[in-house]
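Heavy atoms only: backbone and side chains are in, while hydrogens, waters and symmetry mates are out. Within every chain, numbering begins at 1; the chains are lettered A, B, ... in the order of the sequence lines, protein sequences first and strands thereafter.
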Amino acid sequence: DLEEMEAQIILGNTYHLYLRPGDDLVARRGGLHRFANWKRPILTDSGGFQVFSLQSIRKITEQGVEFRSYIDGSKHFFSPEKVIDIQRNLGSDIMMVLDECVAYGEDREYTEKSLGMTTRWARRCRESYPKGTGGQIMFGIVQGGFHKDLREMSLEQLREIDFEGFAIGGLSVGESTEQMYDILGHITPLMPDDKPRYLMGVGTPLDILEGVSVGVDMFDCVLPSRNARNGTLFTSRGKVNIKRAEFAEDDSPLDPECGCYTCRNFTKAYLRHLYQAKELLSYRLNTYHNLYFYLNLMKQIRAAIEVGTFADLKRHYEAVYATETE
RNA sequence: GGUGGGGUUCCCGAGUGGCCAAAGGGAACAGACUGUAAAUCUGUCGGCGUACGCCUUCGGAGGUUCAAAUCCUCCCCCCACCA
């Protein structure tokens, strides 16, 4: 499906693949590309986000993170070096350094201390896999919470380490859209413009437009797929909750302007029925559509930038998704 | 024909005198979801009202009681086993 809709890259997760099926097993299968039969680029996240989202079962120290498997409760330890080794086993094209994604609401003192450690971890990651070691490249991750000076400090220190690309982490962790845009708009323009800028974990169609407008090149987010599974679909006319009773006998396509397999073949009434009946096909069709929508949004953005109409495109989507931002 | 069990709010199913508009589950309805412990989670779910509350409801009709889904009487229906 992803090849068909022309996805350029996919993301794999160090934490999850390490626990299951195990990075050694993946290495024995010839790496993630061969294992999953995906021929285009793959980026692997380091597990840093899981340190954040699964915080009830972990302990962070300068050495690394001790955590328990959510699968069987067994104890494991991730050091910056270990996380790179795992990503080497997975054989991704882009590796991410181990970082601590600070929760929203942590005070400045904690954020600053955490940042120091995250930077040291980033250096250790790079030292364990110096530039040119193999065919994989490595991105550093800017942290610093919601303090602009800490964000700048993070970026400066990371630039000295010599990464092939830079990511912005620690956003969309509970803050308001306004706060997120504020930090994003401040730090992104300061990032090297000759290297990819990657905004991690974001976001809504509007978030992406905002990110691009301040200079972000790449994104990753569970939103389109997770929302699809839960019945919220993104369309050219805004969000559609396919579960709603009003669609029970609606014979029109989900999005008449969409050219995806789902929209070309099925009605809202049918998609609603599949969802209500918990048919597996529902997840597949809905996910196909949302991913197609996002990929198409990115295509539109690239095309608009080339012809100089990006601002118009952004304004258009802001109008369509107006109610979503509040 | 005999014996035993049972009929509860849309469905299933707790409840055997007051704390019961009635547990729990399902369905339905609405919402959430942002580097995926998420095919998950939250709310509503007899009617009216902001609310204290009032009204209607536990197969049907009577009755006992200050008070009945719960006790008594008769009736209707269902199930199991026996014949």
Item to complete: Applying salt bridge (Lys or Arg N to Asp or Glu O under 4.0 Å) between Glu164(A) and each of Arg197(A), Arg126(A), Lys131(A), report the one that passes.
Response: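 Of the listed residues Arg197(A), Arg126(A), Lys131(A), the salt bridge (Lys or Arg N to Asp or Glu O under 4.0 Å) partner of Glu164(A) is Arg126(A).
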Item to complete: Quote, to the nearest angstrom, the P distance that separates A21(B) from U56(B).
Response: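 Going atom to atom, P in each nucleotide, I get 13 Å.
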Worksheet item: Can a salt bridge be assigned to the pair Glu306(A) and Arg302(A) using a cut-off of 4.0 Å between side-chain N and carboxylate O?
Response: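 Arg302(A) and Glu306(A): not salt-bridged.
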Fill in: salt_bridge(Arg124(A), Glu81(A)) N-O dist < 4.0 Å
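Yes.
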Practice prompt. Just call it for Leu280(A): base, sugar-phosphate, or nothing, with non-hydrogen atoms closer than 4.0 Å on any strand.
Written response: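 If one applies the 4.0 Å heavy-atom cut-off, Leu280(A) turns out to touch a base.
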Worksheet item: Counting any heavy atom closer than 4.0 Å, what does Asp220(A) reach on the DNA or RNA strands: base, sugar-phosphate only, or nothing?
Response: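 If one applies the 4.0 Å heavy-atom cut-off, Asp220(A) turns out to touch the sugar-phosphate alone, with no base involved.
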Does a nitrogen or oxygen in the side chain of [X] sit under 4.0 Å from OP1 or OP2 of [N]?
X         : N      : result
Gln276(A) : A28(B) : yes
Ser172(A) : G35(B) : no
Arg272(A) : C29(B) : yes

Could you work out which one of [options] sits closest to the side chain of [X]?
X         : options                : value
Arg244(A) : U34(B), U36(B), G31(B) : G31(B)
Asn230(A) : G31(B), U34(B), A39(B) : A39(B)
Arg229(A) : A39(B), A27(B), G35(B) : A39(B)

Worksheet item: Is there a Watson-Crick or G-U wobble partner for G1(B) with both distances under 3.5 Å, and which nucleotide is it?
Response: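 Pairing partner: C82(B).
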